[in-house]
Amino acid sequence: MGRFSNRVVLVTGGVSGIGLAISTAFAQQGADLILGGMMAASAAETLCAELVAKGAVACRFDDTDLRDGAAARAFVSRAEQNKGAIDVLVNNAGIQHVAPIEDFPTDKWDDILAVNLSAAFHTTAAALPAMRGTGFGRVVNMASAHGLVASVHKSAYVAAKHGIVGLTKAVALETADTDITCNAVCPGFVLTPLVAEQVRAHQEKTGLDFDKAGLDLIKDKHPTGRFVTQQQIADMVLFLADKNAGAITGTTMSVDGGWTAQ
Ligand code: NAD
């Protein structure tokens, strides 16, 4: 019997990077998984089979584009029709674009706000009524160190991540009289496809090889001098999703190699 045996766990962007590490960790604890993300259905089917082999009681994939708020709500409704109330909602999907604000494309701003912030508003609003019905729920929002501090050329991302920290607090207050909690995880740099793009851009600028460029990119941010691992983020998400974490709500959990201690 795993720690999350038969718990219905929905992870947006659960098919790659940090989201996949989270999905895998829940699978290993016997969860019933619903995964969102942008992936071909056949590849997702293979991935789901692997997660079932690792211990998930079941795994369904849904390729909803979370830029569409109504579609995000429908994603949750479909999951509930199949599985009943969602026990753990992990709002993890996120995208990035790096450019000075004067050159920041408006469509990128809109997409980043939609996926990194508004999607969590829609999925949470849609999932809460059934959570209230069962009297239990855990909402974990993937914010970022950029939910607490800013960096240059990331205006949309920083705005969205600060926004999701605010949303986290508001949802926590509105559910405080129940065993539903809402918290945000604030990772530092984790080597995933989203960050690999920034490492490649830094490689072009510096001429360093990929590994050295990665460490050079994070050296001013992480006093540890190391990337945070996907597993370290997944461990934090499972900690917050646990039945015993009911007193932790409305807070931010930094897993950032010391970034925001500076
Ligand atoms: P990733 O690119 O590997 O994963 C992002 C996921 O979001 C993918 O599964 C993708 O399919 C999904 N997604 C993107 N656009 C979508 C859309 N329109 N509709 C539905 N799903 C969509 O990136 P990651 O680094 O694993 O990022 C996961 C989360 O962690 C993001 O919210 C990101 O902002 C946050 N984060 C990452 C880092 C880091 O260093 N990698 C640091 C702090 C926070």
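Ligands are counted one by one from 1 in listed order, and the atoms in each one are counted from 1 as well. Worth saying up front: this structure is predicted, and the values here are computed from it rather than measured.
Within the 4.0 Å heavy-atom cutoff, Gly188 counts among the residues contacting ligand 1. Ligand 1 has no atom lying under 4.0 Å from any heavy atom of Ala145. The closest approach between any non-hydrogen atom of Gln96 and ligand 1 is not below 4.0 Å. For the pair Phe227 and ligand 1, no heavy-atom separation below 4.0 Å is found. In this structure, Asp111 does not count as a contact residue of ligand 1, since none of its heavy atoms falls inside 4.0 Å of the ligand. Contact annotation: Pro193 has at least one heavy atom less than 4.0 Å from an atom of ligand 1.
Considering backbone and side-chain atoms together, Gly19 places no N or O closer than 3.5 Å to any N or O of ligand 1. Geometrically, ligand 1 and Asn116 share no nitrogen or oxygen pair separated by less than 3.5 Å. Polar contact check, Val15 against ligand 1: no nitrogen or oxygen pair lies under 3.5 Å apart. Between Val115 and ligand 1, not a single N/O pair is under 3.5 Å apart. Checked against a 3.5 angstrom limit, the closest N/O atoms of Ser16 and ligand 1 fall inside it.
Atom 23 (O) of ligand 1 has its closest protein heavy atom at Leu194 CB, 3.3 Å. Looking from atom 15 (N) of ligand 1 to the surrounding protein, the closest heavy atom is Ile95 CG2, 3.5 Å. Atom 30 (O) of ligand 1 has its closest protein heavy atom at Met142 CG, 3.2 Å. Nearest to atom 29 (C) of ligand 1 among the protein's heavy atoms is Asn92 O, 3.0 Å. With hydrogens left out, the protein atom closest to atom 43 (C) of ligand 1 is Pro187 O, 3.4 Å, a heavy atom.
By heavy-atom distance, the residue among Val195, Ile233, Ile18 lying nearest atom 37 (C) of ligand 1 is Ile18.
Residues that satisfy the side chain to side chain contact (heavy atoms under 4.5 Å, CB included) test with Ser254, not counting sequence neighbours, are Leu148, Cys186, Asp256, Thr260.
Ion pairing between Asp216 and Lys219 holds under the 4.0 Å rule for side-chain N and carboxylate O.
Remark: Leu215 CG to Leu208 CG distance equals 10.0 Å, nearest 0.5 Å. Glu174 CD to Ile180 CD1: the interatomic distance, rounded to the nearest 0.5 Å, is 11.0 Å.
A cation-pi contact links Arg73 to Phe121, judged by a cut-off of 6.0 Å to the six-membered ring centre and 45° from its axis.
Among Asn116, Asn141, Leu167, Thr168, the one residue that satisfies the side-chain contact (heavy atoms from CB on, under 4.5 Å) test with Asn91 is Asn141.
Panel note: side chain Arg60, backbone Lys83; no donor-acceptor pair is recorded below 3.5 Å.
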